[in-house]
Protein chains: 2
Amino acid sequence: MNKHLLDQFLTDLKPSGLSLMKGEHLFLQGDQVEYFCFLKTGKIKLIRHTVEGGQALIHVALAGETFAEASLFSNAFHCSAIAVSASEIMRYKKSDLLSYLEQKPAAMKGLLRMFAQQVRDLRTVNEIKNIRSAKERIVTFVSNEMNEDNELCLSMPLKDVAYKIGMTHETFYRELKKLEQAGVLQRGDGYLKLL
Amino acid sequence: MNKHLLDQFLTDLKPSGLSLMKGEHLFLQGDQVEYFCFLKTGKIKLIRHTVEGGQALIHVALAGETFAEASLFSNAFHCSAIAVSASEIMRYKKSDLLSYLEQKPAAMKGLLRMFAQQVRDLRTVNEIKNIRSAKERIVTFVSNEMNEDNELCLSMPLKDVAYKIGMTHETFYRELKKLEQAGVLQRGDGYLKLL
DNA sequence: CGAGTCGTTGAACGGAATCAATCGTCGTGG
DNA sequence: CCACGACGATTGATTCCGTTCAACGACTCG
């Protein structure tokens, strides 16, 4: 989430904090939407219950993400949110946020920009997932996410990175090692560096 | 794209049409952003040129999509847009669109809603791509996209659907056939139906 | 009529998933 | 404080399924 924007919302809207233990739910499908949420730490899965009684995984929100954005524009949630691990959430009252945005075009524009960025990032990851070769997939991903120093700072465990780019963590570790041995990549504590 | 919103933009902003032949570019990386574009028909690929001289595929925009949304908030394009097949584009002058949005919060809210929906859809597809089994992937995708009658109307060739869910068209055809033979799915002209 | 593309099918291969086991670390509660 | 559980990280062996390459028919469009 755009830090600047978040800060502004913080001071203007006074969000409330909330902690969840693993397994607890933040909201359930069908619940009225009262808050717009931002995940500070932890991991939350969004699942949709199908008519047949099954479940479909919609998304796994990781630390630093907003989620269920579409809920801003609907009365009830279309999916359930369950903590995969202990999580801290920051939430803005939906009605407050909406009226605030209405009054302040600059803020709305900021949110629009954030969503646009979100769309772009998702498209990129989406395309990365179409790369069949695990090695190429990793290199492309790191190339996209790294900063000017060719470094990618990790805000989540490697396991989650693997999931994000659509491969099993086993394969991910193996390929990382190969890349490191080949001298293409360097691993450090909390970062990956492309050489 | 939200049809209602598009219609409103249409009447209020008088977009200009544009046709591209296969291989022609709409804009190149580094170009100034003058228009916000909507793809009516055809297919457009967005590629980013890397420092090493290589190319990275960012996204393949299909009929009915907007693309390069983030360009609304930057001065220059960060990627190039090239027509994969003959395409028709509708474009709105960026400055017009921005000032229009500024003046009309309702329109901006509409766009925000559209982006939010976009994010949700992308997340769903993203998660679908994490399903390893081709069969399950197809069934899940159709389940998500179909209407109340369990029908999915196709706005694009099957080949593109296959690409969208991250599998080769060969596998897609094969699995479709299996599903049809198993009586799970029905194929018709321009639609898929789940039984 | 020929070029181009979608749709379809076949055969063979390879690489990633899968299952399984181990180690280290961190936090927690008795 | 230590034992325990939970989880991330790591490595090995095996299997399988989707990719790849290839070829062909149908259809549209210029």
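Convention: sequence-line order gives letters A, B, ...; per-chain numbering from 1.
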For nucleotides 25-30 of chain C, print each protein N/O atom paired with a nucleotide N/O atom at under 3.5 Å, atom names and distance only.
none

Qualifying side chain to side chain donor-acceptor pair (under 3.5 Å) pairs, either residue in residues 143-156 of chain A, two or more places apart: Asn144(A)-Arg48(B)
Leu194(A) vs Met146(A), test: side-chain contact (heavy atoms from CB on, under 4.5 Å). Steps then yes/no. CA-CA 8 Å; Leu194(A) 218 54; Met146(A) 68 190 183; 4.2 Å; yes
Is the phosphate of dC7(D) approached by Lys159(A) (side-chain N or O, under 4.0 Å from OP1 or OP2)? no
Can you pull out every side chain to side chain donor-acceptor pair (under 3.5 Å) where at least one residue sits in residues 70-88 of chain A? Sequence neighbours excluded, please. Thr41(A)-Glu88(A), His49(A)-Ser80(A), His78(A)-Arg120(B)
Rounded off to whole Å, could you give me the CG-to-P distance for the Asp160(B) and dC6(C) pair? 7 Å
Which value, rounded to the nearest 0.5 Å, describes the distance between Ile47(B) atom CD1 and His59(B) atom NE2? 14.0 Å
Going 5' to 3' along nucleotides 25-30 of chain D, which nucleotides have protein heavy atoms under 4.0 Å from the base (write B), which only from the sugar-phosphate (write S), and which from neither (write -)? ------
Set of side chain to side chain contact (heavy atoms under 4.5 Å, CB included) partners for Phe73(B), sequence neighbours left out: Lys109(A), Leu112(A), Arg113(A), Ala116(A)
Less than 4.5 Å apart, any side-chain heavy atom of Val119(B) and any of Leu122(A)? yes
Test side-chain contact (heavy atoms from CB on, under 4.5 Å) on Lys94(A) and Glu34(A) and set out the steps. CA-CA 5 Å; Lys94(A) 182 186 164 186; Glu34(A) 290 177 43; 5.8 Å; no
The side chain to side chain contact (heavy atoms under 4.5 Å, CB included) partners of His169(A) (sequence neighbours excluded) come to Lys159(A), Ala162(A), Tyr173(A)
Five pairs at each end of the helix from dC1(C)-dG30(D) to dG30(C)-dC1(D): take the axis at both ends and give me the angle between them to 10°. 50°
Tabulated below should be each protein N or O lying under 3.5 Å from an N or O of nucleotides 18-20 of chain D; please produce it.
from: dG18(D); atom 1: OP1; to: Ala134(B); atom 2: N; distance (Å): 3.0
from: dT19(D); atom 1: OP1; to: Arg132(A); atom 2: NH1; distance (Å): 3.1
from: dT19(D); atom 1: OP2; to: Thr168(B); atom 2: OG1; distance (Å): 3.0
from: dT19(D); atom 1: OP2; to: Thr171(B); atom 2: OG1; distance (Å): 2.6
from: dT20(D); atom 1: O4; to: Arg174(B); atom 2: NH2; distance (Å): 3.0

dC17(D) C1' sits how many Å from Ile131(B) CD1, rounded? 16 Å
Verify side-chain contact (heavy atoms from CB on, under 4.5 Å) between Ile131(A) and Thr140(A), making sure each step is shown before the conclusion. CA-CA 9 Å; Ile131(A) 300 174; Thr140(A) 307; 3.6 Å; yes
Under the rule for side chain to side chain contact (heavy atoms under 4.5 Å, CB included), what residues qualify as partners of Arg187(A), not counting sequence neighbours? Leu158(A), Leu176(A), Glu180(A), Leu185(A), Leu192(A)
What's the OH-P distance between Tyr163(A) and dA17(C), to the nearest Å? 13 Å
Between the protein and nucleotides 4-6 of chain D, list every N/O to N/O distance that falls short of 3.5 Å.
none

Euclidean distance, atom CG of residue Leu176(A) to atom C1' of dA16(C) [Å, nearest integer]: 15 Å
Send over the distance from Met156(A) CE to dC7(D) P, rounded to a whole Å. 19 Å
CD1-CD1 distance between Ile138(A) and Ile128(A), expressed to the nearest 0.5 angstrom: 11.0 Å
Can you tell me the distance, in whole Å, between the CG atom of Leu154(B) and the C1' atom of dG7(C)? 13 Å
Could you work out, with salt bridge (Lys or Arg N to Asp or Glu O under 4.0 Å) as the rule, every residue matching Asp160(A), not counting sequence neighbours? Lys43(A)
Atom-to-atom span, CG of Leu158(A) to C1' of dT11(D) - whole angstrom: 15 Å
Tell me which pairs pass ring pair (Phe, Tyr, Trp, His ring centres under 6.0 Å) where either residue lies in residues 114-165 of chain B, with sequence neighbours left out. none
Distance-only polar pair, side chains of Asn130(A) and Lys129(B), donor-acceptor under 3.5 Å: yes
Please tell me if Lys177(B) has a side-chain N or O lying less than 4.0 Å from either OP1 or OP2 of dT8(C). no
Roughly how far, to the nearest 0.5 Å, is the CZ atom of Phe36(A) from the OH atom of Tyr92(A)? 8.5 Å
To the nearest 0.5 Å, atom CD of Glu65(A) lies from atom CG of Asp121(A) at 9.5 Å
Counting only side-chain nitrogens and oxygens, does Tyr173(B) get under 4.0 Å of the OP1 or OP2 atom of dT8(C)? no
